[in-house]
K.L.:
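The structure that follows is given in the form of structure tokens.
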Amino acid sequence: MSLIKEIDFGTPASKSESLVTLTIDGKEVTVPEGTSIMRAAMHLDVAIPKLCASDNIKSFGSCRLCLVEIEGKYCPTTIKMRIQRQSG
């Protein structure tokens, strides 16, 4: 018997055709504009802990478990955004 292993990216995919590049824990990733940080991190195989997030629902942030540090001003994923999962 085999188990189907699906990756839950934490939020639905963005449908934007514009791309942005952001840095998560020193690694660059390019994703469609408006992609959640959680989903962008999963493209790098970097898991951000989550309880209330799923591909099947729009993010609503009820548990506050998936907090990250964002350098500078926060807004939806933008060009050159820098994110750290752990502060030093």
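Computed from heavy atoms alone, side chains included, the values below leave out hydrogens, waters and symmetry copies.
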K.L.:
So do Leu22 and Glu28 actually touch side chain to side chain, heavy atoms under 4.5 Å?
P.N.:
no
K.L.:
Residues two or more places apart in sequence or in another chain: which of them pass side-chain hydrogen bond (donor to acceptor under 3.5 Å, both in side chains) with Thr30?
P.N.:
Thr21
K.L.:
Residues in side chain to side chain contact (heavy atoms under 4.5 Å, CB included) with Met38, at least two apart?
P.N.:
Ser36, Lys50, Ala53, Cys66
K.L.:
Once you round to the nearest 0.5 Å, how far does CD of Glu33 lie from OG of Ser16?
P.N.:
5.0 Å
K.L.:
If every non-hydrogen atom of Ala41 is compared with every non-hydrogen atom of Ile48, which pair is closest and at what distance?
P.N.:
CB-CD1, 3.8 Å
K.L.:
With a 4.5 Å cut-off on side-chain heavy atoms, are Leu19 and Val31 touching?
P.N.:
no
K.L.:
Nearest 0.5 angstrom please: Ile37 CD1 to Thr11 OG1, how far?
P.N.:
10.0 Å
K.L.:
Does Lys27 reach the side chain of Val46, with side-chain heavy atoms less than 4.5 Å apart?
P.N.:
yes
K.L.:
What closest approach, in Å, do Thr35 and Ser14 show between heavy atoms, and which atom pair accounts for it?
P.N.:
OG1-CB, 3.7 Å
